[in-house]
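Heads up, the thing below is written out as structure tokens.
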There are 4 protein chains.
Amino acid sequence: MQTGNNTTGRKRASFIEQARREQVIRAAAETVAQVGYANASLSRIAEQAGISKSVISYHFAGKDELMVLVAQQFIDASAEFMFARVEAEPTATGQVSAWISGQVEYYAAHRTGFLAMISIITNHRSADGSNPFTGQLDEEVDEFARLLQRGQRDGEFRAFDPRSTAVIILRSTEALISAWVMDESLDLTDQMGTLLDFVHHAIRRENR
Amino acid sequence: MQTGNNTTGRKRASFIEQARREQVIRAAAETVAQVGYANASLSRIAEQAGISKSVISYHFAGKDELMVLVAQQFIDASAEFMFARVEAEPTATGQVSAWISGQVEYYAAHRTGFLAMISIITNHRSADGSNPFTGQLDEEVDEFARLLQRGQRDGEFRAFDPRSTAVIILRSTEALISAWVMDESLDLTDQMGTLLDFVHHAIRRENR
Amino acid sequence: MQTGNNTTGRKRASFIEQARREQVIRAAAETVAQVGYANASLSRIAEQAGISKSVISYHFAGKDELMVLVAQQFIDASAEFMFARVEAEPTATGQVSAWISGQVEYYAAHRTGFLAMISIITNHRSADGSNPFTGQLDEEVDEFARLLQRGQRDGEFRAFDPRSTAVIILRSTEALISAWVMDESLDLTDQMGTLLDFVHHAIRRENR
Amino acid sequence: MQTGNNTTGRKRASFIEQARREQVIRAAAETVAQVGYANASLSRIAEQAGISKSVISYHFAGKDELMVLVAQQFIDASAEFMFARVEAEPTATGQVSAWISGQVEYYAAHRTGFLAMISIITNHRSADGSNPFTGQLDEEVDEFARLLQRGQRDGEFRAFDPRSTAVIILRSTEALISAWVMDESLDLTDQMGTLLDFVHHAIRRENR
DNA sequence: AATGAATGAGTTTTCATTCAT
DNA sequence: TATGAATGAAAACTCATTCAT
């Protein structure tokens, strides 16, 4: 794979090439989930995938590209899943529930990817020392804040600061999954019920 | 001082010894906060402290001990600060507010330590691959859950699952600080007001 | 075409085969001229040629053969050009001028090839660690020394050691081109005039 | 060696530190002289010095610094030796001879260093792809050109372009040593005599 | 005739730790 | 008590080459 192994604008990636890339991405996610970002070396990832170290270098520009890809693919897939649910709901109240439950269900169904994504998002730095995901996370918060605002405008939600509330709700959702992920004996359905209940009590108009 | 430089059970640690250890711990916290757990090498920490690398190895059993100590000291100090506030409150409602605001205020006043603590807690693994902080975090949640239960028993809070609610509230608090820490232009007092408002709306008895 | 792709003794090398080989040789020369012998990897050469890396391995026994060929082709071509000029001159004096000016003009007209040749000649080692070009360079010097001797015999040149003088003149010529190649703002015609003048003053009989 | 291992501005380099650096520099020169710039890896240099690879990284910022140092030290030492001789001569004619013979003698007495220096100067590239020695080489040529000009002004030398003549003479000197270095059976004193004779015939005033 | 894929050997560099002083 | 020096292990990455297709 000499040319064009950049993420965007790939044309004519062979089937085998695509399969290998996905195999490596999967192995990388598993490794990061297992041993943490700091200990996820290319050696370990290669071992996890059952391939030689240099195969990774062959298919990816570098560790950087690989890590970003692992996180990005998961973020994109989970967003797609979640937005489909959100759009199906007519009211802001319903959309908030759909957002949270969509997120939770997708995360729960993809434990490894979720763990890897969290680890990468919080630890990865670009060559210049900056975090390449901050922009996206901000956008996610903005989007959710807009949803809350809509609910306020429509009289479904009470008055509160939409942006900091968005931060609170979204991080709470992640926190709940993190708790479950560490201790799978917890009943996730119950947990999510509690969260939805909690959130709706917090934001709905008082005199409903 | 080659042996027995463990944290607990130290007797007769000389003044100079203690001073050096604290200097190193401070430098380690600053380094982790700046470059992240994965990039915080002993070299960088020594450079930050303006001392030689081997000083660290001399005063600490290893990098492991140092990292754990950085996080532990911060956790202990913030807990002490916060519990003092909580104990001063008579009602569960007041204690919840005190817990949250105590946490927020301490974190906000110790930005570097907070960043380092979060980074270490989420990334550090013992030699056996386990996370040495899970136990403590669980205890913290349990303690807060007991507080919530007390509030339910006393009729201040409505019915909900105390433990998952505790997770939600505690992680929300951390999330709020994380957001502020990344963007110090936010008005922290406002943010905290929103959080307290949010939480109390979520847990208080309906017909108060 | 896995076997027998050595330079000499090829029979029935297809047209397409020959074209590919020359394309690769050109790309190799360009790469060496640009980034230097030490940094001229097959990857870079393939990239320069716009072909896949393995094409090179297919058409050449190895990097070794390719590098030798790049230099050899240039040496042969420049020698051919130069000797044609030399043979046209009747006197030793004229032949010395023709040799130098022929060399200079050919080098100047083939900047890339010249740079690559110099880089390869001075850096390339065979598998046994020896330099495969020393013999040829010696022969070149010998040939030029014979020309100088002829001039001495014919009374055109004064007495001096022909071989060391040959070394001096030939390397001076290369040095002049090297200087021009690094700084193309220099007036090459002027420079060459200086060199010819210099050489002839140095070797002609005193009482001419 | 944590801090201050930059080339310039070193203060208080310990004796052992300085000794190690010189040992490594010597080993690096030997290695480059033996196997050529392109094959002189840190592994080979360490092997040559009989030390572990990481000792080099400990004492030098990187391969780059080491290579530059090897060449620079040799250039500085040879220049010092040569200039002392040149300054002792009253006439331009004498200074030209002193320059050439000084150079030749120093190079001949330090064969390894000379070979390494030539190899590094012609091959080494800085991180940005530029050659860090071109400036110095230019200055050397300028300095020699000024000497030639002085000789012209004083009526010792005939008219010619000083700068291109300087290039010719200086590179001829190097070429002569290169030839001797490859074949030590040559009589260097004879060779040098030829060169001096050659040069003086080329530049002196006609009607002396 | 061509090449995508793979790989082991090798590159430079950083790491945490040990040890003599 | 402190540290300069040393080092083996491991890091990310590049290399020339092989091979199945």
Side-chain angles (χ1 to χ4, degrees), chain A residues 1-5 12-17 19-21 38-46 51-64 66, chain B residues 1-2 14 16-17 19-20 38-46 51-64 66, chain C residues 1-2 14-17 19-20 38-46 51-64 66-67, chain D residues 1-5 12-17 19-21 38-46 51-64 66:
Chain A
M1 219 196 67
Q2 299 288 86
T3 59
N5 54 2
R12 229 176 55 81
S14 75
F15 173 72
I16 189 163
E17 153 82 0
R20 259 281 189 264
R21 280 176 70 94
N39 300 318
S41 68
L42 291 187
S43 296
R44 260 201 244 246
I45 294 170
I51 57 177
S52 135
K53 235 186 330 183
S54 36
V55 175
I56 301 177
S57 294
Y58 176 70
H59 288 283
F60 297 87
K63 197 190 181 183
D64 212 82
L66 176 56
Chain B
M1 209 210 68
Q2 291 299 65
S14 77
I16 191 162
E17 154 79 3
R20 261 278 191 262
N39 298 319
S41 68
L42 290 189
S43 294
R44 263 201 240 243
I45 294 169
I51 57 175
S52 133
K53 231 185 342 179
S54 37
V55 176
I56 301 177
S57 296
Y58 178 71
H59 287 284
F60 298 87
K63 197 191 182 185
D64 210 82
L66 175 57
Chain C
M1 210 211 66
Q2 291 299 66
S14 77
F15 173 71
I16 190 163
E17 154 80 2
R20 261 279 190 260
N39 299 319
S41 68
L42 290 189
S43 293
R44 264 200 240 244
I45 295 169
I51 57 175
S52 135
K53 231 185 341 179
S54 38
V55 176
I56 302 177
S57 296
Y58 179 71
H59 287 285
F60 298 88
K63 196 191 182 184
D64 211 82
L66 175 57
M67 286 294 123
Chain D
M1 221 195 64
Q2 297 289 88
T3 60
N5 55 3
R12 226 174 56 80
S14 76
F15 173 72
I16 190 163
E17 153 82 359
R20 259 282 188 263
R21 279 174 72 95
N39 300 317
S41 68
L42 291 187
S43 296
R44 260 201 244 245
I45 293 170
I51 56 177
S52 133
K53 235 185 332 183
S54 36
V55 176
I56 301 178
S57 294
Y58 177 70
H59 288 284
F60 297 87
K63 197 189 183 183
D64 211 82
L66 177 56

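Per chain, numbering begins at 1; letters A, B, ... match sequence-line order. Everything quoted here is computed from the prediction, not taken from an experiment.
The heavy-atom pair separating D/Lys53 from D/Ser43 by the smallest distance is CD-OG, 3.5 Å. The minimum heavy-atom distance linking B/Ala46 with B/Ser52 is given by the pair CB-C, 4.0 Å.
At F/dG8, one or more side-chain N or O atoms of D/Ser52 fall inside 4.0 Å of OP1 or OP2 (strictly under the cut-off). Distances shorter than 4.0 Å separate none of the side-chain N or O atoms of C/Ser43 from OP1 or OP2 on F/dT14. A sub-4.0 Å separation between OP1 or OP2 of F/dA16 and a side-chain N or O of C/Ser57 is absent. For B/Arg20, a side-chain nitrogen or oxygen approaches OP1 or OP2 of F/dA2 to under 4.0 Å. Phosphate proximity of E/dA1 to C/Tyr58: present, with a side-chain N or O under 4.0 Å from OP1 or OP2.
When the nearest nucleotides of DNA chain E are assigned to D/Lys63 and B/Ser41 by heavy-atom distance, the more 5′-ward of the two goes with D/Lys63. Position along DNA chain F of the nearest nucleotide to D/Val55 versus B/Val55 favours B/Val55 as the more 5'-ward residue. Ranked by how close their nearest DNA chain F nucleotide is to the 5' end, A/Ala40 and C/Gly62 are led by A/Ala40. Remark on DNA chain E: of its neighbouring residues B/Arg44 and D/Asn39, the 5'-side contact belongs to D/Asn39, judged by nearest-heavy-atom nucleotide.
Straight-line distance from the CG atom of C/Leu42 to the P atom of E/dA6: 20 Å, rounded to whole Å. In this structure, B/Ile51 atom CD1 and F/dG4 atom P are separated by 11 Å, rounded to whole Å. Here E/dG4 presents its C1' atom at 15 Å from CD1 of C/Ile56, a figure rounded to the nearest Å. D/His59 has its NE2 atom 16 Å from the C1' atom of E/dT14, to the nearest Å. Nucleotide E/dT13 holds its P atom 10 Å from the CG atom of D/Leu66, rounded to whole Å. One interatomic measurement links the two molecules: NZ of C/Lys53 to C1' of E/dA1, which rounds to 19 Å at whole-angstrom precision. In this entry the distance linking CG of B/Asp64 with C1' of E/dT17 reads 13 Å, nearest Å. We find that CD1 of D/Ile16 is positioned 10 Å from C1' of F/dA6, with the value rounded to whole Å.
Secondary-structure stems of DNA chain E, taken as three or more successive Watson-Crick or G-U wobble pairs (i with j, i+1 with j-1) under a 3.5 Å distance threshold, comprise E:2-21 with F:2-21.
Under the rule for a side-chain hydrogen bond (donor to acceptor under 3.5 Å, both in side chains), D/Ser41 has no partner lying at least two apart in sequence or in another chain. Applying the side-chain hydrogen bond (donor to acceptor under 3.5 Å, both in side chains) test to A/Asp64 and every residue at least two apart in sequence or in another chain returns A/His124. For the side-chain hydrogen bond (donor to acceptor under 3.5 Å, both in side chains) test, no residue two or more places apart in sequence or in another chain qualifies with C/Arg44.
Atom OH of B/Tyr58 is separated from atom CD of B/Glu17 by 7.0 Å, given to the nearest 0.5 angstrom. To the nearest 0.5 Å, atoms CD1 (A/Ile56) and CG (A/Leu42) are separated by 5.0 Å. Summarising the geometry, atom CZ belonging to D/Arg21 is positioned 10.5 Å from atom OG belonging to D/Ser14; distances are rounded to the nearest 0.5 Å.
Nucleic acid contact for D/Ser54: base, since at least one base atom lies under 4.0 Å from a heavy atom of the residue.
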